[in-house]
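Please read the structure below before turning to the comments.
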Amino acid sequence: MSAVADRPPSPGLVDLHIHGAFGVDVLTAGPAELDRLARGLAARGVSVFFPTLVPVPLPEMAAACSRLSSWMRTRREGDGRGAFPGGIHFEGPFVSRARCGALHPGSLLDGEDGRSLDAFLEAAGPLPGRPVTTVAPEIPGGLALVRALARRGFLVSLGHTEADAATLDEAFSAGARHMTHFGNALAPLHHRAVGPIGWGLLREDVTVDVIADLHHLSPEMLRLVFKAKPDRVALISDAIPPAGLPDGPYAVWGETLTVSRGTVRNARGNLAGSVCLLDEALRRAESAGVAREEAFQAARDVPARILASG
Ligand SMILES: [Zn+2]
């Protein structure tokens, strides 16, 4: 354990993407559980977090947003109740079925006629803080969705996508400046069709976030991303409710997820989120060869800057 990780920095780490931890699932948690999550995260050095929702049927999403938003409105920065919720992150529903990874394809939507965006916004309700959403711009109506969500103040992050570079350029023009769990749930890099990975590495004006548990990305890929994008990489946990609990099977989101030696897999064998919270991700990034100061910036300063943008 490094001395740096023993002493949480001030103002603390910022996690843009976390589904839960310590047995708390942000999709279903009530206020007491959310308090427990916030305190547990603070004890692990996190000062701001973005409760992240996987796509579910809209009535279920509406209930989750209502619970989360009411709890968030009871919080003030520095209120002593643990990590502060910066906003809700919607990981979908406007993402690619072909790149949905562990997300349930049945709850995904597209933006063809605008009605699904209206239904989504109505289900989300008035959102406190800075909402974040992961969008695939190549889905029907995708670029219009990026534009509409960015105009409404969402931080639009490109992810779960197989868009080509031209479409990604258009998404950038429409207001998307960031990418979700870079390297995961993206079309792979091809030498004649660089896709989201080549595009993200090239564009200096685009930031990315990465899961640094060393299972989602190899140490070499993690180093490559940091090398190609100095000062443009944020660490996220993408942690799921069993994070911080012992190995074993857990019922999460209607299926059994198995936690074993630092990985989480669903019955189909896919990686389904991580159990590596940001303090641990810092240590692992360092063990992969990322400089300590750079890793810290990625867990604290870079995400703070991303949130302050656009
Ligand atoms: Zn996630």
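Counting convention: from 1, in listed order, for ligands and their atoms alike.
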OE1 (Glu91) - the Zn ion (ligand 1) - NE2 (His19) angle, nearest 10°: 90°
Heteroatom of Asp238 nearest to the Zn ion (ligand 1) (N, O or S, atom name): OD1
Charged N-O contact under 4.0 Å between Arg305 and Asp301: no
His181 N/O/S atom closer than 2.8 Å to the Zn ion (ligand 1): no
Salt bridge present between Asp35 and Arg81 (N-O < 4.0 angstrom): yes
Over 12 non-hydrogen atoms of neighbours within 6.0 angstrom of CD in Glu220: yes
Aromatic ring pairing Phe90/Phe120, orientation class (parallel under 30°, perpendicular over 60°, tilted between): perpendicular
